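Structure first, commentary second.
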2 protein chains.
Amino acid sequence: MTNIRDVAKRANVSISTVSRVLNHQEIVTPEKREQVLQAIEELGFQPNGLARGLIHGRTQTIGVIVPDISSLTFAEIVHGMEEMAHMLGWNLIICSSNGDLNRISSYLQMFGEKRVDGIAYTKIPVNDEQYEILTRLSIPVVLVATRSEYPLYTVFVDREQASCDAVQYLIQKGHRKIGLLSGPINDTISSLPKLNGYRKALQISGLAYNPDYVYCGENYLIDNGKTGIEVILEKTPDLTAVFATSDEMAFGIYSYCFEKGIRIPQELSVIGYDGVRLSSMFTPPLTTISQPHYEIGEQAISKLVDLIHARVIERIHPIDYQILERESVLDLTRI
Amino acid sequence: MTNIRDVAKRANVSISTVSRVLNHQEIVTPEKREQVLQAIEELGFQPNGLARGLIHGRTQTIGVIVPDISSLTFAEIVHGMEEMAHMLGWNLIICSSNGDLNRISSYLQMFGEKRVDGIAYTKIPVNDEQYEILTRLSIPVVLVATRSEYPLYTVFVDREQASCDAVQYLIQKGHRKIGLLSGPINDTISSLPKLNGYRKALQISGLAYNPDYVYCGENYLIDNGKTGIEVILEKTPDLTAVFATSDEMAFGIYSYCFEKGIRIPQELSVIGYDGVRLSSMFTPPLTTISQPHYEIGEQAISKLVDLIHARVIERIHPIDYQILERESVLDLTRI
DNA sequence: CTGAAAGCGCTTACAG
DNA sequence: CTGAAAGCGCTTACAG
């Protein structure tokens with residue numbers, strides 16, 4: 001591999017001059033600059049980013065931790081991150097934890113050794129050990145789509161409020177017997193706030209909370225939606241609407257209803273959560289809460305870069321969500 | 001940030017000794033080793049990966065180029081890459097090109113400057129400019145899920161053969177009027193081989209190729225499936241089966257058929273391509289060609305690491321696919 | 001404007 | 001077994 005010395009030799013200048021040309025410093029005379037540029041071209045020289053990084057203490061690299069990159073949600077978040085990072089001139093090292101906390105710790109360690117300039121920490125709750133590593137590293141961190149009791153910068157959607165809105169939407173359409181298809185209840189980042197939002201909406205409208213209307217699955221996938229709705233309907237056949245806390249679960253409900261001949265929304269109204277692309281193609285199209293994953297990713301990187309540049313930012317950066325009104329909820333008030 | 005010198009001072013040894021402890025060289029006496037380890041612990045010292053990389057000319061980093069990380073396919077490929085990379089002790093820098101060739105070139109450039117040890121180049125065809133950059137870089141490259149006229153290492157599924165199999169499966173089930181929902185025909189990586197496979201299957205069975213049975217969409221998404229099937233059925237209402245070259249397009253067909261009251265598979269058989277998770281939850285479950293994306297990702301990294309270690313590998317590494325037989329194809333021979 | 005020199009934080013022959 | 005020194009490929013005051 002050619003280095004700056006080879007270029008200098010070929011261009012008959014010192015390495016300092018080559019370096020100056022490389023860094024677009026205008027003080028170099030046009031002739032020398034030309035010589036250098038030509039030598040670079042001829043030798044196919046590429047400056048060594050490691051050496052540069054070593055000197056500047058800056059790598060233009062951001063480390064990203066996601067639980068699982070093959071999930072639609074994270075893939076979209078990462079995509080948003082990618083675009084923003086590219087725009088601002090940063091690169092991403094992306095690591096899937098698969099929910100393994102040890103693995104997260106080892107990734108954080110690696111981020112430290114690789115001297116990334118910032119870390120985007122997605123979705124997984126920050127435990128004591130990781131918080132300790134994070135602070136020891138003293139690298140700027142932004143939490144994405146998650147919250148934490150630790151004082152960390154955060155870009156997120158208020159799931160509790162969004163869920164409350166979803167359920168209130170159903171109530172407003174005249175529904176009173178409303179089911180909830182929840183994820184695992186020990187998932188404090190995602191499931192718990194959604195459950196809380198559900199309860200809050202009921203409370204606001206003076207409706208009683210009835211555990212029979214609630215099913216907690218092990219995850220947010222289709223199968224859990226399918227079995228979940230079955231379980232709820234067995235206990236409470238008078239159900240008129242369900243809030244599925246993921247579009248995939250909602251799809252499971254569709255599948256169940258199709259098999260049993262239950263018509264949506266005539267016999268059962270469904271509202272989802274996520275706003276994945278496919279949801280608009282369900283039959284009927286799914287009414288759902290849209291979380292702008294792409295934008296979350298963008299904002300996360302944007303804020304992180306602000307932090308890296310030591311700009312002052314708000315600790316909490318909420319992202320707007322909206323209800324995508326489609327055709328899966330029946331308006332009982334108009335009947 | 002503490003460095004090796006601080007550690008040496010605190011442990012009352014030379015930096016050489018610290019370095020030896022860091023690199024697990026056994027020649028250090030237990031006492032000194034202990035002192036050093038303790039100093040590292042107390043100072044929270046982390047070796048600087050940049051300095052190490054500078055010396056070794058090795059970064060334990062692999063650059064990955066994908067067209068769009070938020071697509072299901074690539075998200076899964078990347079996931080497989082991630083897992084294998086983690087297992088083998090490598091890290092991934094992942095870059096979405098969004099199909100922009102200039103952007104790919106700039107990413108390759110960046111990979112060079114960052115001195116990645118290897119490059120996984122996914123899906124997009126390699127043009128002259130990129131091939132030139134790639135060779136100039138002299139960094140090991142593996143092509144993933146794509147082929148090229150250039151002599152590059154390749155991990156891929158034989159789409160032509162897989163498509164041929166899919167269509168032959170339909171023929172074997174007694175279908176003779178078989179439609180094709182294709183992607184853009186100028187996509188030589190993905191669409192063209194699938195079209196060729198379709199024609200090959202017809203030819204083998206002595207069936208004529210009729211362009212009226214073929215629709216080429218602009219992409220592989222749902223909408224194109226929906227309009228595609230509409231267009232084909234208008235021209236050729238006698239159609240009994242369709243090969244949709246993506247599961248998403250197949251889903252578009254489902255959507256269309258549901259609206260028009262066309263029953264699958266009784267009135268129209270559908271076979272898909274991809275084997276995405278959701279396809280098993282379609283109503284009826286979709287028969288489809290499964291491409292093991294995750295495994296493709298794993299193999300790509302595994303082969304790339306072999307290359308980096310200068311091990312000899314086969315130039316072409318085909319990945320097995322299979323037909324997931326489910327319920328969307330009617331067996332006409334049993335009627 | 002330009003070059004020689006020091007230094008970024010490590011590793012690794014080379015003596016001892 | 002251990003330390004001083006050179007060197008990886010750059011950047012950047014410092015003289016001139």
Side-chain angles (χ1 to χ4, degrees), chain A residues 1-37 39-40 43-61 109-117 137-139, chain B residues 1-37 39-40 43-61 109-117 137-139:
Chain A
M1 203 88 217
T2 64
N3 61 25
I4 199 175
R5 205 167 307 275
D6 303 322
V7 176
K9 207 170 290 166
R10 180 157 199 132
N12 283 315
V13 296
S14 74
I15 60 167
S16 315
T17 300
V18 176
S19 175
R20 286 184 190 110
V21 172
L22 248 28
N23 293 287
H24 306 289
Q25 292 181 229
E26 293 305 329
I27 46 171
V28 183
T29 46
E31 306 94 84
K32 299 223 173 199
R33 171 187 308 283
E34 205 35 65
Q35 289 166 231
V36 171
L37 255 20
I40 289 176
L43 294 163
F45 167 73
Q46 278 197 305
N48 185 321
L50 296 173
R52 291 180 141 181
L54 183 56
I55 292 167
H56 290 130
R58 165 87 43 103
T59 51
Q60 293 297 115
T61 302
Q109 196 72 23
M110 181 271 287
F111 287 160
E113 296 189 3
K114 283 226 157 80
R115 299 297 196 262
V116 301
D117 298 323
L137 253 34
S138 64
I139 296 175
Chain B
M1 202 89 218
T2 64
N3 62 25
I4 200 174
R5 207 166 305 274
D6 303 321
V7 176
K9 208 170 291 168
R10 180 158 200 131
N12 283 314
V13 296
S14 73
I15 60 168
S16 315
T17 300
V18 176
S19 175
R20 285 183 191 111
V21 173
L22 248 28
N23 293 286
H24 305 290
Q25 291 181 230
E26 292 306 327
I27 46 171
V28 182
T29 45
E31 307 93 85
K32 298 221 174 199
R33 171 188 307 283
E34 204 37 63
Q35 289 166 229
V36 170
L37 256 20
I40 289 176
L43 267 41
F45 167 72
Q46 278 197 306
N48 186 319
L50 296 172
R52 290 179 142 183
L54 183 56
I55 293 167
H56 290 129
R58 166 84 46 102
T59 51
Q60 293 297 114
T61 302
Q109 196 73 21
M110 181 271 287
F111 286 160
E113 296 189 5
K114 283 224 157 76
R115 298 298 196 261
V116 300
D117 298 323
L137 253 33
S138 64
I139 296 175

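Residue numbers begin at 1 in each chain, while the letters A, B, ... track the order of the sequences. For the numbers below, each heavy atom of this structure counts, side chains included, while hydrogens, waters and symmetry mates do not. Here the structure is a predicted model, which means the values were calculated and not measured.
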When the side chains of residues 46-54 of chain A are checked against the rest of the protein, which donor-acceptor pairs come out under 3.5 Å, sequence neighbours left out?
from	atom 1	to	atom 2	distance (Å)
A:Q46	NE2	B:Q109	O	3.1
A:N48	OD1	A:L50	N	2.7
A:N48	OD1	A:A51	N	3.3

- Query: Does a donor on one side chain sit under 3.5 Å from an acceptor on the other, for B:K114 and A:T61?
  - Reply: yes
Rounded to whole Å, NZ of B:K9 lies from C1' of D:dG3 at a distance of 16 Å
For DNA chain D, consecutive-pair runs of 3 or more (Watson-Crick or G-U wobble, both H-bond-type distances under 3.5 Å) give C:1-3 with D:14-16, C:5-12 with D:5-12, C:14-16 with D:1-3
Next on the checklist: So, OP1 or OP2 of C:dC1: does either fall under 4.0 Å of a side-chain N or O from A:T17?
Outcome noted: no
For nucleotides 8-16 of chain D, 5' to 3', base contacts (B), sugar-phosphate-only contacts (S) and non-contacts (-) with protein non-hydrogen atoms under 4.0 Å give BBBBBB---
Before you tell me yes or no, could you show the steps for A:R115 and A:R58 under side-chain contact (heavy atoms from CB on, under 4.5 Å), namely the whole-Å CA-CA distance, both residues' side-chain angles and the distance that decides it to 0.1 Å? CA-CA 7 Å; A:R115 299 297 196 262; A:R58 165 87 43 103; over 6 Å; no
A:T29 vs A:K32, side-chain contact (heavy atoms from CB on, under 4.5 Å): CA-CA, chis, key distance, verdict = CA-CA 6 Å; A:T29 46; A:K32 299 223 173 199; 3.1 Å; yes
Between B:V28 and B:T17, the two heavy atoms sitting closest are CG1-CG2, 4.0 Å
OG of A:S16 to CD1 of A:I4, rounded to nearest 0.5 Å, is 8.0 Å
Value for CD1 (A:I40) from CD (A:Q35), rounded to nearest 0.5 Å, stands at 12.0 Å
| task | Using the side-chain contact (heavy atoms from CB on, under 4.5 Å) rule, take A:F45 and A:V36 through it: C-alpha gap first, then chi angles, then the decisive distance, then the call. | result | CA-CA 11 Å; A:F45 167 73; A:V36 171; over 6 Å; no
